[in-house]
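For reference, the structure discussed in these notes is given below.
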Amino acid sequence: METFGKRLAEAMDKRGRLCVGIDPHAALLTRWGLSDDIAGLERFARTVVEALADRVAVLKPQSAFFERFGSRGIGILESTIRQSREAGALVLLDVKRGDIGSTMAAYASAYLDPASSLCADAITVSPYLGVGSLQPAFDVAAANGGGVFVLGLTSNPEGPSVQHAVASDKRTVAQTVIDEISQLNVGAEPLGSVGLVIGATIGDTGHDLSRVNGPLLAPGLGAQGATPSDLRSVFGESLRNVLPSYSREVLAAGPSVVELRAAAERAAADCETALG
């Protein structure tokens, strides 16, 4: 069984380093001329998959924007995951789950076990109940060739009060998370399967990412204010592992399939130039 890290490295080599979010929030549905209901959700998701699933490395559906429509929205999320993977894109399901014990194990089973209709290639998780609480997700991912992206340094203004707090050993809380994730990827080739989410808008925070040996998801590009040139100051010598992530900047080009593809191509080209 190929690891997620290997499949991601191959996808980025073949398709370029770009992740595009699928974020069908109400304002974007309206901008596309769609109704903010299940029909609009289905049309939006289907259009993004048609436009991008056969050409970008990763698609990242935001689960909450599907969940808000209840069971029918979850059904569309299931279809979106399946169709995206069938077209060759890796699917990173943005769920940001984080819990303990059997509850975390249930989340892991829901999103990382191939027996589940919601199974994706990877998910996002929150470590702020302790990185150890995420072990069920790491275990299920490893058993099934899946990946896990752990929140590390986020771009929301509330984040630093927790993430930059200093632990008893003088490291920040975020650095302790980074270091624990680094241990999980030791010796992995060509890339570990446990990644970190590091906001592209945060600038140089002085945190050490050099030993992560896993993918570094960089959301916040485009409409949230970061530019590809900012990646160098955030990631320094770890640029080779960065997976740039766009959402609104690309999605705003819809509902035209042609324009969505053009927007994604521009974003990918800008990132390749910046990342060298």
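Here, residue 1 is the first one in the sequence, and each next residue gets the next number.
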Problem - Pairwise distance CG(Asn213) to CG(Asn185) - rounded to 0.5 angstrom - result: 5.5 Å
Exercise for the section: Enumerate the residue pairs fulfilling ring pair (Phe, Tyr, Trp, His ring centres under 6.0 Å) with a member in residues 53-89, sequence neighbours excluded, ordered by first and then second residue. Expected result: His25-Phe65
Handout entry: Whether Arg85 side chain and Cys119 backbone form a donor-acceptor pair below 3.5 Å
Key = yes
Fill in the blank from the handout: Output for pair (Leu260 CG, Glu50 CD), nearest 0.5 Å, gives 9.5 Å
Handout entry: Criterion side chain to side chain contact (heavy atoms under 4.5 Å, CB included) on Ile22 and Thr80, from CA distance to verdict
Key = CA-CA 9 Å; Ile22 305 180; Thr80 300; 3.9 Å; yes
Exercise for the section: Locate the shortest heavy-atom distance separating Gly98 from Met104; write the atom from each residue and the value. Expected result: CA-SD, 4.0 Å
Handout entry: Donor-acceptor contact present, side-chain Gln175 to main-chain Asp208, <3.5 Å
Key = yes
Problem - Rounded distance (nearest 0.5 Å) linking atom OG of Ser155 with atom CD1 of Ile202 - result: 8.0 Å
Handout entry: Atom CD of Glu2 with >12 non-hydrogen neighbours under 6.0 angstrom
Key = yes
Exercise for the section: Establish, from distance only, whether the side-chain atoms of Gln83 and Ser79 form a donor-acceptor pair under 3.5 Å. Expected result: no
Practice task
Flag the pair Ile178 / Ile181 as yes when at least one side-chain heavy-atom distance between them is below 4.5 Å, and no otherwise.
Solution key: no
Problem - Enclosure of Arg46 CZ (heavy-atom neighbours >12, cutoff 6.0 Å) - result: yes
Handout entry: Common cluster, Val177/Val197, ILVMFWY with side-chain heavy-atom separation under 4.5 Å
Key = no
Exercise for the section: Rounded to the nearest 0.5 Å, what's the gap from CZ on Phe44 to CG on Asp36? Could you check? Expected result: 11.5 Å
Practice task
Tell me yes or no: between the side chains of Thr154 and Gln163, is some donor less than 3.5 Å from an acceptor?
Solution key: yes
Problem - Residue pair Ser126 / Val150, side-chain heavy-atom distance below 4.5 Å - result: no
Practice task
Give a yes or no on whether Val131 and Leu112 share a hydrophobic cluster (residues Ile, Leu, Val, Met, Phe, Trp, Tyr; joining criterion: side-chain heavy atoms under 4.5 Å apart).
Solution key: yes
Handout entry: Donor-acceptor under 3.5 Å (Asp37 side chain, Gly40 main chain)
Key = yes
Handout entry: Asp113 (side chain) donor-acceptor with Ala115 (main chain) under 3.5 angstrom
Key = yes
Practice task
Using atom types as modelled and distance alone, determine if a side-chain donor or acceptor of Thr30 lies under 3.5 Å from a backbone N or O of Ala26.
Solution key: yes
Exercise for the section: Fit a plane to each ring of Phe4 and Phe149, take the angle between them on a 0 to 90° scale, and name the class: parallel (under 30°), tilted (30 to 60°) or perpendicular (over 60°). Expected result: perpendicular
Problem - Hphob cluster co-occupancy, Val95 + Tyr128, side-chain heavy atoms under 4.5 angstrom - result: yes
Exercise for the section: May I ask you to test the Leu93-Thr124 pair for a side-chain heavy-atom distance under 4.5 Å? Expected result: no
Exercise for the section: Taking Thr201 for its side chain and Gly220 for its backbone only, find out whether a donor-acceptor pair lies under 3.5 Å. Expected result: no
Fill in the blank from the handout: In terms of heavy-atom contacts, Ile123 and Val125 come closest through CD1-CG1, 3.7 Å
Fill in the blank from the handout: Distance col, row Leu52:CG vs Leu59:CG, nearest 0.5 angstrom, shows 6.0 Å
Problem - Electrostatic pair Asp99-Arg97, nearest N-O below 4.0 angstrom - result: no
Exercise for the section: Considering non-hydrogen atoms only, spot the tightest contact between Pro61 and Leu77 and give its length. Expected result: CB-CD1, 3.8 Å
Problem - Nearest heavy-atom neighbours spanning Leu29 and Pro24 - result: CD1-O, 3.9 Å
Problem - Shared hydrophobic cluster, Leu184 / Leu191 (ILVMFWY, side-chain heavy atoms < 4.5 Å) - result: no
Problem - Gly101 versus Pro136, closest heavy-atom pair with distance - result: O-CG, 4.1 Å
Problem - Residue pairs, two or more places apart or on separate chains, that pass side chain to side chain donor-acceptor pair (under 3.5 Å) and touch residues 239-259 - result: Asp23-Ser247
Practice task
State, yes or no, whether a side-chain contact exists between Glu237 and Ser210 at a heavy-atom distance under 4.5 Å.
Solution key: no
Problem - Contact summary for Val234 and Gly199, nearest pair of heavy atoms - result: CG1-O, 3.9 Å
Practice task
Following the transitive rule for hydrophobic clusters with a side-chain heavy-atom cut-off under 4.5 Å over Ile, Leu, Val, Met, Phe, Trp and Tyr, establish whether Leu90 and Val140 coincide in one cluster.
Solution key: no
Exercise for the section: Indicate yes or no: does Glu78 engage Arg82 in a salt bridge with an N to O separation below 4.0 Å. Expected result: no
Practice task
Classify the side-chain pair Asp204/Ser233 by whether it contains a donor and acceptor separated by less than 3.5 Å.
Solution key: no
Handout entry: Donor-acceptor contact present, side-chain Glu272 to main-chain Arg17, <3.5 Å
Key = yes
Handout entry: Atom pair CG/CG of Leu216 and Leu196 - distance to nearest 0.5 Å
Key = 6.0 Å
Exercise for the section: Quick one: which residue pairs count as a salt bridge (charged side-chain N to carboxylate O under 4.0 Å, His left out) with a foot in residues 165-174, not counting sequence neighbours? Expected result: Asp169-Arg171, Arg171-Asp179
